Amino acid sequence: MTAIAFLAAPTEVARAAQDSLAARYGAAPLDRAEVVVALGGDGMMLETQHRLLGRNLPVYGMNCGSVGFLMNDYREDGLAERLAQAQAAILHPLRMHAFTGAPEVSEALAINEVSLLRETRQAAKIRVMVDGKVRLSELICDGILVSTPAGSTAYNLSAHGPIVPLGANLLPLTPISAFRPRRWRGALLPAEAEVVFEVLEHEKRPVSATADYTEVRDVRRVEVREDRSVSLTMLFDPDHGLSERIIAEQFTV
């Protein structure tokens with residue numbers, strides 16, 4: 001039988017599910033596991049993938065949280081069969097380099113998105129460059145984000161960005177409460193594009209940059225691009241794969 005490691009969110013429901021499943025199927029140590037079952041919500045899936053970065057162990061999530069967009073339905077029966085029949089979705093994260101003026105450069109990976117947000121009451125002023133060319137000389141806004149396709153249904157969607165199917169090889173670039181240019185709604189960029197944000201008037205209008213869980217304050221320049229050298233594998237039941245969920249979400253009213 002496949003060696004399974006169970007990881008649970010710090011909630012009563014998820015911990016109880018972990019105990020029950022481990023007693024029924026046996027629990028392997030994480031360093032000997034062939035597959036990881038993550039129990040919780042979407043946040044638990046992201047936390048698990050970050051924990052496994054560099055190992056590319058397949059992760060099968062079961063929803064013991066609220067939204068669970070990246071998770072399968074929770075059922076105790078037939079776990080071995082579900083894992084054997086699961087379909088894999090291969091994802092590549094975004095790599096962020098954030099510059100603050102200090103000698104060191106902050107680097108982090110994002111499975112969902114890299115977002116820039118104003119730190120004070122004053123709107124941010126940000127120059128946007130794509131592949132070395134200035135596309136917006138000055139965006140006045142609350143912030144801006146670059147999303148992966150998997151993350152396009154998360155913060156990106158809440159900011160009125162487009163939902164992107166997994167195989168589209170596109171990255172949504174979405175403003176957050178843009179003031180000028182008011183009519184700009186964002187862009188869809190090729191997956192290999194490099195996006196650079198330069199913070200204008202950074203002392204007067206400070207901006208933070210966040211890659212999933214990693215936040216860097218008072219940034220002056222942020223570089224973002226997809227890192228295809230890093231692969232993440234999520235497993236989904238055949239009748240409820242991630243690609244199908246992303247398509248279905250576009251018809252949700």
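Computed from a predicted model, the values in this text were never measured in an experiment.
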**Complete:** Output for pair (Y25 OH, E76 CD), nearest 0.5 Å, gives 7.5 Å

**Item:** Pair R24 + D77, salt bridge at N-O below 4.0 Å
**Value:** yes

**Fill in**
Taken to the nearest 0.5 Å, the spacing of R205 CZ from T120 OG1 works out to 8.0 Å

**Asked** Does a side-chain N-to-carboxylate-O contact under 4.0 Å join R228 and E226?
**Response** yes

**Asked** With sequence neighbours excluded, what pairs up with Y213 under the ring-ring contact (aromatic ring centres under 6.0 Å, His included) test?
**Response** H50

**Complete:** Distance col, row L57:CG vs R51:CZ, nearest 0.5 angstrom, shows 11.0 Å

**Asked** Residues in side chain to side chain donor-acceptor pair (under 3.5 Å) with D237, at least two apart?
**Response** Y60, R82

**Minimum heavy-atom distance S208-V219, with the two atoms named** = C-CG2, 4.3 Å

**Request:** Give a yes or no answer on whether the side chain of D131 reaches the backbone of A193 with a donor-acceptor pair at less than 3.5 Å.
**Result:** no

**Message:** Donor-acceptor pair, distance only, cut-off 3.5 Å: does the side chain of S177 make one with the backbone of C141?
**Reply:** no

**Asked** Under a single-linkage definition using a 4.5 Å side-chain heavy-atom cutoff for Ile, Leu, Val, Met, Phe, Trp and Tyr, are I140 and F197 assigned to the same hydrophobic cluster?
**Response** no

For residues 155-172, which side-chain N or O atoms pair as donor and acceptor with protein atoms under 3.5 Å away, sequence neighbours left out?
| residue | atom | partner | partner atom | Å |
| --- | --- | --- | --- | --- |
| N156 | OD1 | T174 | OG1 | 2.6 |
| N156 | ND2 | S152 | O | 3.0 |
| N156 | ND2 | P162 | O | 2.8 |

**Transitive ILVMFWY side-chain link V130 to I126, under 4.5 Å** = yes

**Asked** How close do V216 and M96 get, heavy atom to heavy atom, and via which atoms?
**Response** CG2-CE, 4.1 Å

**Request:** Taking R118 for its side chain and R121 for its backbone only, find out whether a donor-acceptor pair lies under 3.5 Å.
**Result:** yes

**Prompt:** Hey, is the main chain of R217 close enough, under 3.5 Å, to the side chain of E119 for a donor-acceptor pair?
**Reply:** no

**Message:** Quick check against the 3.5 Å criterion: does S20 have a side-chain atom that pairs as donor or acceptor with the backbone of A16?
**Reply:** no

**Request:** Report the residues that fulfil side-chain contact (heavy atoms from CB on, under 4.5 Å) with S231, sequence neighbours left out, ordered by chain and then residue number.
**Result:** N56, I90, H92

**Message:** If you compare all heavy atoms of G41 against all heavy atoms of N63, which two are closest, and at what distance to 0.1 Å?
**Reply:** CA-OD1, 4.1 Å

**Item:** Short N-O contact, E107 and R95, less than 4.0 angstrom
**Value:** yes

**Request:** Mind checking the CZ-CG spacing from R55 to L30? Nearest 0.5 Å is all I need.
**Result:** 5.0 Å

**Complete:** Residue set satisfying salt bridge (Lys or Arg N to Asp or Glu O under 4.0 Å) with R127, at least two apart, ordered chain then number -> E198

**Asked** Can you list every pair that meets side chain to side chain donor-acceptor pair (under 3.5 Å) and has a residue in residues 181-197, with sequence neighbours left out?
**Response** none

